[in-house]
Amino acid sequence: MAGITLKDVSKIYPGSTGEKAVDGFCLDIKDKEFVVIVGPSGCGKSSTMRMIAGLEEVSEGEIHIGDVLVNDVQPKDRNIAMVFQSYALYPHMSVYKNMAFALKIRHLNKAEIDRRVRETAEMLGITRLLARKPRALSGGESQRVALGRAMVRNPAVFLLDEPLSNLDAKLRADMRAEIIRLHKRLETTFIYVTHDQTEAMTMGDRIVIMDRGLILQNDSPKDIYDYPANIFVAGFIGSPRMNFVEAEVAREGGIVVAKFGVTALSLEKTNVNKDVLASLVGKKVTIGIRPEHISVADSVAVGEGLLGASADIVEVLGAETIIHTDMPGDLRIVVREFNDVPVKRGQKLNLAVQLEKIHIFDIETEDSITVRPGGTPKSARSKIAKPEPDSGGEPDASDNGGGES
């Protein structure tokens, strides 16, 4: 088993006029950890994965697997296994032969190959498929075979590049759970690349968010959600996405508020250093509020965190209702309501905001000013991306960031 360390790794493709697809990527991955790299298309996540696998050359920096520098080590000698989006099964071979192929070219004896293939097939529930050809498999069955072909090699590291993107929604949910169980059972290092935030939030011990070749935040799923390092991360994680409004910070009645439109929301309960909060008075900031932290208030729920709005689009999803609202000043706020509140289009609403959940972002750098309790505000955009400590004080969200978006 092995951990992985990437030190200032960059990738420049020929013909890119020097533009870096991956820029100064620094990351320490612990042995047996499940790390998810997530970001939009073109952010550099698959290029990073392919450099770890040895399928792409490293333009700058170093990659270590365990204690070994592997920049010049061939893919076959890195003791890793990769599962692709396309599954890449040999169409002319049976499932058994697909799984056995890598062991055969390593000259293992037939008895050992048979034992590994059948044990892995039993673990994945595909024993009945061993005689079939890939064309006779469903998407979920093909995915299990691709996983099995990787597992029989007993690799030190599993690399999974968007492995579920070809499956329907229900099957993706089933396979997410299956891969999580496999990781716990195999006790091996997993690196998983996806553009799907649901996969990232539900599967990883740690999430690395990338954009334009840079790490923007490296943290646990909960801390990514609670303490996004910047506007990009805050908007990327969460569905529906976080509401953002430009506001002016002012002092009214002895408290610091954010003013936008005809609304003033108290900022006194936010996780912002009081001196920093005071220094913002008279300045413009970006306020972020997640839809699930806003609810439709009844007539008696009047207080400092109240917004007036009218319903525009109402999406009833069963357990929750998504309400798109219009506010004075051409503002649009999305509400994720979990209570059974009947709302019709055009209806006037009072919206209650959980003031302690408000996020504040610098309007120019887009970095978060909101910090973890006990943290200190500073830029979120260093290239250091080390795991959070298991104990001790709680650093602020900026300690987990990468480069500028």
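If you're wondering where the values come from, they're calculated on a predicted model, not measured in any experiment.
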| note | Distance col, row L351:CG vs T325:OG1, nearest 0.5 angstrom, shows 5.5 Å
| message | Go through it in stages, so that I can follow the logic: the residues are F158 and L186, the test is side-chain contact (heavy atoms from CB on, under 4.5 Å), and I'd like the CA-CA distance, side-chain angles, deciding distance and then a yes or no. | response | CA-CA 10 Å; F158 278 87; L186 297 174; 3.9 Å; yes
| field | Side-chain donor or acceptor of T263 paired with backbone N/O of L307 under 3.5 Å | value | no
| task | Locate the shortest heavy-atom distance separating L130 from A121; write the atom from each residue and the value. | result | CD2-CB, 3.9 Å
| query | Tell me, do E199 and V38 make a side-chain contact under 4.5 Å, heavy atoms counted? | reply | no
| salt bridge (charged side-chain N to carboxylate O under 4.0 Å, His left out) between E141 and R144, worked out | CA-CA 5 Å; E141 290 168 343; R144 283 183 168 84; over 6 Å; no
| said: Treating E268 as the side-chain partner and I255 as the backbone partner, does any N or O pair qualify as donor plus acceptor under 3.5 Å? | reply: no
| query | Shortest non-hydrogen contact from V335 to I294? | reply | CG1-O, 3.3 Å
| So do the side chains of V145 and I126 get within less than 4.5 Å of each other, counting heavy atoms only? | yes
| said: Nearest 0.5 angstrom please: N154 CG to T188 OG1, how far? | reply: 8.0 Å
| query | Do other residues, nucleotides or ligands put more than 12 heavy atoms under 6.0 Å from R135 CZ? | reply | no
| request: Might you point out which heavy atoms bring L89 and P134 nearest each other, and give the distance in Å? | output: CB-CG, 4.0 Å
| query | How long is the span from the CZ atom in R206 to the CG atom in D219, to the nearest 0.5 Å? | reply | 9.0 Å
| field | Residue pair K30, D205: steps toward the salt bridge (charged side-chain N to carboxylate O under 4.0 Å, His left out) verdict | value | CA-CA 11 Å; K30 299 175 184 176; D205 299 322; over 6 Å; no
| Tell me, do V193 and T48 make a side-chain contact under 4.5 Å, heavy atoms counted? | no
| Just by modelled atom types, is the I360 backbone N or O under 3.5 Å from a matching donor or acceptor in the T370 side chain? | yes
| request: Please report the closest heavy-atom contact between V314 and R345, naming both atoms and the distance. | output: CG2-N, 4.4 Å
| query | Do K133 and H92 touch side chain to side chain, with heavy atoms closer than 4.5 Å? | reply | no
| field | Heavy-atom pair of closest approach, residues G139 and L171 | value | C-CD2, 4.3 Å
| task | Examine distances only and state if a side-chain atom of H183 and a backbone atom of K32 form a donor-acceptor pair shorter than 3.5 Å. | result | yes
| Spacing of L6 atom CG and I29 atom CD1 [to the nearest 0.5 Å] | 6.0 Å
| note | For F338 and R336, the nearest pair of non-hydrogen atoms, with its separation, is CZ-NE, 3.5 Å
| field | Distance (rounded to the nearest 0.5 Å) between I63 CD1 and N71 CG | value | 6.0 Å
| query | Would you say L349 and I323 make side-chain contact, with heavy atoms under 4.5 Å? | reply | yes
| task | With side-chain contact (heavy atoms from CB on, under 4.5 Å) as the test, would you mind laying out the steps for R176 and T198 before giving the verdict? | result | CA-CA 10 Å; R176 283 201 304 266; T198 301; 3.9 Å; yes
| request: With I322 as reference, evaluate P240, P291, S239 under the side-chain contact (heavy atoms from CB on, under 4.5 Å) test and give the passing residue. | output: P240
| query | Is the number of heavy atoms from other residues, nucleotides or ligands under 6.0 Å of K274 NZ greater than 12? | reply | yes
| Is the backbone of I80 close enough, under 3.5 Å, to the side chain of R153 for a donor and an acceptor to pair up by distance? | yes
| request: Could you tell me whether a side-chain N or O of T189 sits under 3.5 Å from a main-chain N or O of V157, the two making a donor and an acceptor? | output: no
| request: Check whether any side-chain heavy atom of V9 sits under 4.5 Å from a side-chain heavy atom of L27, and report yes or no. | output: no
| Any side-chain heavy atom of I179 within less than 4.5 Å of one from L164? | yes
| request: Let me see the working for R116 and E112 under salt bridge (charged side-chain N to carboxylate O under 4.0 Å, His left out), right down to the final yes or no. | output: CA-CA 6 Å; R116 289 198 192 184; E112 177 63 12; 3.0 Å; yes
| request: Return yes if some donor-acceptor pair links the side-chain N/O of S10 with the main-chain N/O of G24 below 3.5 Å, else return no. | output: yes
| task | Tell me, yes or no, whether the heavy-atom count around E57 atom CD, taken from other residues, nucleotides or ligands under 6.0 Å, exceeds 12. | result | no
| request: Using the six-membered ring of F101, assess whether NZ or CZ of K97 lies under 6.0 Å from its centre and within 45 degrees of the ring axis. | output: no
| query | For Y225, is the NZ or CZ atom of R290 found under 6.0 angstrom from the centre of its six-membered ring and inside 45 degrees of the ring axis? | reply | yes
| request: May I ask you to check whether over 12 heavy atoms, not counting those of D77, lie within 6.0 Å of atom CG? | output: yes
| field | CA sep, side-chain torsions, deciding dist, call: V296, N339, side-chain contact (heavy atoms from CB on, under 4.5 Å) | value | CA-CA 9 Å; V296 177; N339 296 316; over 6 Å; no
| field | Validation row: F260, M327 side chains within 4.5 angstrom (heavy atoms) | value | yes
| query | So, R181 and E178, do they make that salt bridge, N to O below 4.0 Å? | reply | yes
| Within the distance-only criterion (no hydrogens, no angle test), does the side chain of Q354 pair as donor or acceptor with the backbone N or O of E356 below 3.5 angstrom? | no
| query | Roughly how far apart are M49 CE and I191 CD1, rounded to 0.5 Å? | reply | 6.5 Å
| said: Under a 3.5 Å distance rule, please check whether K45 uses its side chain to pair with a backbone N or O of P40 as donor and acceptor. | reply: yes
| query | Is it true that a side-chain atom of N98 and a backbone atom of Y90 form a donor plus acceptor pair closer than 3.5 Å? | reply | yes
| field | I369 and T270: CA distance, side-chain angles, deciding distance, side-chain contact (heavy atoms from CB on, under 4.5 Å) verdict | value | CA-CA 10 Å; I369 299 171; T270 58; over 6 Å; no
